[in-house]
Structures are given as structure tokens and as C-alpha cells.
Asker: 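Starting off with a structure, shown below.
As the structure lists them, so they are numbered: ligands from 1, and atoms in each ligand from 1.
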Amino acid sequence: MTTTFHPPVRTLMGPGPSDVSPRVLSAMARPTIGHLDPEFIRMMDEVKTMLKNLFKTENELTMPVSAPGSAGMEACFVNLVEPGDKVIVCQNGVFGGRMKENVERFGGEAIMVQDEWGTAVDLEKVKAAFAANENVKALAFVHAETSTGVRSDAKALCELAHANGALAIVDAVTSLGGIEVDVDGWGIDAIYSGTQKCLSCPPGISPVSFSQKAVEAVQNRKTPVPSWFLDKNLVMGYWGGGGKRAYHHTAPVNSLYALHEALVILEEEGLENAWARHQKLHLALRAGLEAMGISFLVDEESRLPQLNSVVIPEGVDDAAVRTALLQNYSLEIGAGLGALAGKVWRIGLMGSACTQRNVMLCLDALENTLASMNAPIKVGVAAQAAMAVLAE
Ligand SMILES: *Cc1c(COP(=O)(O)O)cnc(C)c1O
């Protein structure tokens, strides 16, 4: 007979999901109530208000899509891209490639701006793409490329989009909660994120926000939105402010309790403090890794604190190390994706997993594991190097 599933307790320092705090887990275990219950609706309004604060926006169309980050991505493209629309898509990793897929599946023309994996989106190339193409409807880019650990200049990219009369569509799945995201300040028109990266919720919800300009673009479509579930005109009847809520779909009630609690925790800490924590612990991890002789893939100015891509030392068996970390330390770190498979590890410091304890655990576990495999690293120095940064 099949028995109850009890997952092992892990420390999640990969590219997501990240560790979920006990407070969020216990919120999720509270009694399920009806999704049109007045108490649930009150909670939904609080979630919406907290998401607006988190995105730094007044956008009325700000809400959690009831599906993972990929659905948030699709919600942006399916609503904003019509057949024949030109969209400049920046690709410097895995997720830009998915944006291209989305544009093309909805009948748009994706004008690709390619940058090497591990580097930021090149503003000059984007300028050139605008100069070479007229009537571009939108510029789409990934703010924090989780596949490589790169941060691109979202503010400057949004400025380029607006200077050329285009909407700015931004993937903030990994950036939100870990580094600055300023939707109104930067003029982002459509943005999507995910709960399981720096918000440290279970996966399955995608916060999104549309500017007034984006809402108008949806309302002025010549063709109906080809997805019923993700059609913003319909979802707004459910999540929209000030009034009666019409049934659209059954909200994932308990997952939204979890998101509510995670947002409360983030408000208690303060958004700026959360960004500072990610930065400080990234610097501590970096000091330890570099003392060991492990180097970063990404240039300093484009590094994401919450996703550290490090080069696997010569002759080291990638999978054997990750398996040993999991077996001996119950610690998960991420493998490289695509062209970087076998070449890098991706060490996440996301949300609740971004703690001093995890930094020290990861350094200790990596050092012991690599030393046991006779890898070319320096032993006995990483912990002190990290502690020196933490003491600053
Ligand atoms: C994780 C991630 C996604 C996809 O989110 P899912 O919740 O896995 O669907 C999209 N973009 C980026 C940058 C991500 O890191």
C-alpha cells in the first residue's frame, strides 16, 4: 500500500524553489475557505496592496496569476502580442529564449538581440535593433537571468523602450525581493514574477502587474486574447478593485495564504533591508568561494547577489559533487543550464534561504566535498574569509 509522503528536510540553495519559512508553511496549512468568502476577499485585497508595494507601483492591474512564473510570462505576451506585432526580445540566457517562443506562438515577430550567456544585455545592440526596425510594439527582457546569474540594466532598457514608443515587458521572476525593482520609477509596462525565488513561497503563483498603457493596449486589441484563462479583461473581474467579484476560476486559496504571509514577512523586514541582506550575504559567500580558489562566471558589475554562478574547478565531476552535497549535507545547489551545463554551479541565496547560516553551511559543505575528491582548491580559509565580511 502507498504510504504518506514525507519529503526530506533540505536546504535549498539552487535557482529556486528556495527555502520556505515555517511561518509560510503553517499559513498554508490553515483551513481552506471559499474563494468568494468575504474574509478571503479581504485577504486578497491585502495581497494586492502588498504586491503593489513590492513592485513599487500604483498599477490597478496588479495581481497574482494562479499558476507558476511561466504562466505570468505567458500572461504578459498573450495579452500584449497580436499577430504581426514586432517585439524586440533580448536573449542572454534560457529565459529570453522562452520569451521568443511566446512572441512567435501568438503570431508576433521576435526581433532577437543576442548576448553571450553570462553577460548583461548590451544597450547598444538594443538601440541598433530599434534603429533598424519601425513600429516595434514592445521590448522584452529578463531583469535577472537565473540561468546565468546576470543582472541587466532594467532602468536603461525601459528608457530605450519608451524613447522608441514601445512597451517594456520585464521578467522579474528572480529579481523581485532580491534586488531593486521599481515598476513605476522605471516605467515598466508589464512585469511578471514568481513566488518560489526571492519571495520564498511554494511554487505555483506568479505576481504580475500591467501599467495603464499596457491595459489600454489590451483593450485596443483587434483580435481577442487567444487564451481564455489568462485574458486580463476577464481576470480583472475577479481580482479587480472596488466592487463585486465575479467567478472566473477557483483561486488557489491556501497558496495565497502562503503568499500573504511571505509578503507580511517581507514588509516586516523592509524591502530595502531585504535587498541589503542579499547583497551582504552574497559578498560573504563570494569571499569564501574566492578564498577557496573558485571564481565567478559573471563580471562583478552584472552579478546577481541571489544567484551566484561559479566555475566548476578543473577535473571536478559536477554531478558527483551535487549528489554528495545532497546526500551528506541535504544541501541543494543548482547545475548549469544549456551551454553552461557541466561548467558552472548556480548557488542561490534567495529569500529565506539567504542567511548567514546557509552561507557558512554551503562553504563548509563544498570545501569538504571538493577536498575529499582531491579538487584543486585551498582548504581551511573559506570560513574565515566569509566571517570577515560578515563582521564588517
Ligand atoms: C524560474 C524562472 C521562470 C519560470 O518560473 P516557473 O515558476 O518555473 O514557471 C521564468 N523566468 C525566470 C528568470 C526564472 O528564474
Asker: Mind jotting down which residue pairs meet the side-chain hydrogen bond (donor to acceptor under 3.5 Å, both in side chains) criterion with at least one end in residues 159-170? Sequence neighbours excluded, please.
Answerer: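 Matches after skipping sequence neighbours: His162-Asp189.
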
Asker: Taking only residues at least two apart or on different chains, which pairs with a member in residues 7-29 satisfy side-chain hydrogen bond (donor to acceptor under 3.5 Å, both in side chains)?
Answerer: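 For residues 7-29, and leaving out neighbouring residues, the side-chain hydrogen bond (donor to acceptor under 3.5 Å, both in side chains) pairs sorted by first residue read Arg10-Ser330, Ser18-Ser200, Asp19-Asn358, Arg23-Glu261, Arg23-Glu268.
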
Asker: Name the residues in contact with ligand 1, where contact means a heavy atom under 4.0 Å away: which are they?
Answerer: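 Protein residues near ligand 1 are Pro68, Gly69, Ser70, Phe95, Val142, Ala144, Thr146, Asp171, Val173, Thr174, Gln196, Lys197.
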
Asker: Test side chain to side chain donor-acceptor pair (under 3.5 Å) on Asp184 and Thr57 and set out the steps.
Answerer: CA-CA 5 Å; Asp184 287 358; Thr57 185; 2.6 Å; yes

Asker: On the 0 to 90° scale, with breaks at 30° and 60°, tag the Trp228-His248 ring pair as parallel, tilted or perpendicular.
Answerer: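 The arrangement is parallel - the two ring planes meet at less than 30°.
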
Asker: Does Lys280 have more than 12 heavy atoms from other residues, nucleotides or ligands lying within 6.0 Å of its NZ?
Answerer: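 Yes - once you tally the heavy atoms of other residues, nucleotides and ligands closer than 6.0 Å, there are more than 12.
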
Asker: Does anything in residues 373-392 form a side-chain hydrogen bond (donor to acceptor under 3.5 Å, both in side chains)? List the pairs, not counting sequence neighbours.
Answerer: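 For residues 373-392: none.
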
